[in-house]
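One structure is given below, encoded as structure tokens.
What you see below is based on every heavy atom in this structure, not just the backbone, and it leaves out hydrogens, waters and symmetry mates.
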Protein chains: 2
Amino acid sequence: MWYNSMHDSSKKQIPQATIKRLATYVQVLQNLNRENVEIISSEPLAAACGVQGSQLRKDLAYFGEFGIRGLGYPVKNLIQAITSSLGVDHEWPMILIGVGNLGRAMINHISFHSKSFVIKAIFDCDPFKIGETVHGLEVRCTDDIKEIVQNLQIMIGIITTPPERAQRAANHLVNAGLTSILNFAPARITVPDTVQVEYVDFFNQMYSLAFNQTQQWKKNVF
Amino acid sequence: MWYNSMHDSSKKQIPQATIKRLATYVQVLQNLNRENVEIISSEPLAAACGVQGSQLRKDLAYFGEFGIRGLGYPVKNLIQAITSSLGVDHEWPMILIGVGNLGRAMINHISFHSKSFVIKAIFDCDPFKIGETVHGLEVRCTDDIKEIVQNLQIMIGIITTPPERAQRAANHLVNAGLTSILNFAPARITVPDTVQVEYVDFFNQMYSLAFNQTQQWKKNVF
């Protein structure tokens, strides 16, 4: 019944907003699992994820009938069902281009926090960095990207270069046949329609906070 | 004329999307400035920022008449004008709560990349971390947040805790009087309407990439 409902659900169109919330649900559930929580009802789970209970139940309904009425969701099974439906119950080999300060931070952070998303190789075009070891990975020349992507069956490329080198990094990834890019560089990149790019722009978000706070002060002063 | 136009523009409502793009423009311009570029026309500047020229010109028009007709934008003046209009030409003292792997990464990265956004104090509730020094900052007990925020005139709080501790961290920040929060924890937080929260969710974005790529494979296989 479990697997049947998942199988049925694979035909439904799941909204992107739901997909992104599911990542949070899985992370919260994994924390509960580590604390040996076996069953959790929707309201405390929703609260821990910072969403409304109704939102959580609606999101999980895309995957079939998970809950045990009157008891709640079985934590381990729910993790397995969501990650399997999303395709993140297996390893996603990734590469990272740009081994500067941000790149190093992300190599450490992603390795620490995720079993599914695994950085397999790291690249830089700076000859002074090539050959250096970061978190157990040797920095390689960007010329080798295509070969490594094919040999290691890489699926996602991460860009952590300075903004002016982001497009060149994206070209390398696209040229190597990758269709999924996570871009931390503060620059927009141009890629074919078949390639999905996700942007992580937290300096832009800090600008937004600073600007809005400045506007608030002006209102209060004048 | 420069300052007059900026003064006039302060009455216009600048869209949030423009504000966020301006952060990218400033970062690209700062790179150009470091390379001693003095003047740049809108098309190559737009290309470097990864936006259309028309978009760039429209965004900059909110701040008055910047360009020198037939020549382009004077790089240094444009940086000064944008950062001054946004209120990011002065220091924004920040604190960070949650000195785990992600927190350490962000302390390093933000210190390296920004002169405006400066982390002044860092906090954790883990007694084993309190007293430790990270990037020159001593990890302090979360009980001290309110006092430090007031003494150091902190303006932005950054949350890098695990998801289940994000709400408690947010409560500390709100209780200390902060109204701007950048949340890296994969959890939604509840705050009063007067507080702006920006979420940085890159694991969610990786889930989205993985899910969409899985869907693509299914299409190609079945």
Completion exercise
Closest heavy-atom pair, B:Ile154 versus B:Leu178, reported as atoms and distance to 0.1 Å, is O-CD2, 3.2 Å

Fill in the blank from the handout: Heavy-atom closest pair (A:Ala170 atom, A:Ile189 atom, distance to 0.1 Å) is CB-CD1, 3.7 Å

Fill in the blank from the handout: If one checks every heavy atom of B:Val200 against chain A at 4.5 Å, the contacting part turns out to be both

Exercise for the section: Any chance you could measure B:Ile145, atom CD1, to B:Gln150, atom CD, to the nearest 0.5 Å? Expected result: 12.0 Å

Exercise for the section: For the residue pair A:Asn171 and A:Gln167, confirm or rule out a side-chain donor-acceptor distance under 3.5 Å. Expected result: yes

Exercise for the section: Select one option (side chain, backbone, both, neither) describing which atoms of B:Gln16 are under 4.5 Å from chain A's heavy atoms. Expected result: side chain

Handout entry: Interface residue of largest heavy-atom contact number with chain B, from A:Val28, A:Ile158, A:Val26, under 4.5 Å
Key = A:Val26

Problem - Check: B:His109 ring centroid to A:Phe202 ring centroid under 6.0 Å - result: yes

Practice task
Quick one: which of A:Gln216, A:Met106, A:Met94 has the most heavy-atom pairs under 4.5 Å with chain B, could you say?
Solution key: A:Met106

Practice task
Mind ranking A:Gly87, A:Cys49, A:Pro162 by heavy-atom pairs under 4.5 Å with chain B and telling me who comes out on top?
Solution key: A:Cys49

Problem - Top contributor to chain A interface from B:Ser180, B:Gly100, B:Ala105 [non-hydrogen pairs under 4.5 Å] - result: B:Ser180

Practice task
Let me know if A:Ile156 has heavy atoms under 4.5 Å from chain B in its side chain, its backbone, both or neither.
Solution key: side chain

Practice task
For each of B:Ile110, B:Thr214, B:Leu209, tally heavy-atom pairs with chain A at distances under 4.5 Å, and name the one with the top tally.
Solution key: B:Leu209

Handout entry: Matching residue for B:Val195 among B:Thr190, B:Leu173, B:Ile181 - test: side-chain contact (heavy atoms from CB on, under 4.5 Å)
Key = B:Ile181

Problem - Under 3.5 Å side-chain donor-acceptor pair for A:Ser208 and B:Gln196 - result: yes

Handout entry: Contacting moiety of B:Tyr199, where chain A heavy atoms sit under 4.5 Å
Key = backbone

Handout entry: Check against side chain to side chain contact (heavy atoms under 4.5 Å, CB included), A:Leu32 and A:Glu35
Key = CA-CA 5 Å; A:Leu32 291 169; A:Glu35 291 160 11; 4.3 Å; yes

Problem - Which atoms of B:Phe117 approach chain A - backbone, side chain, both or neither, heavy atom under 4.5 Å - result: side chain

Practice task
With a 4.5 angstrom heavy-atom cut-off, could you sort out which part of B:Leu102 is near chain A: side chain, backbone, both or neither?
Solution key: both

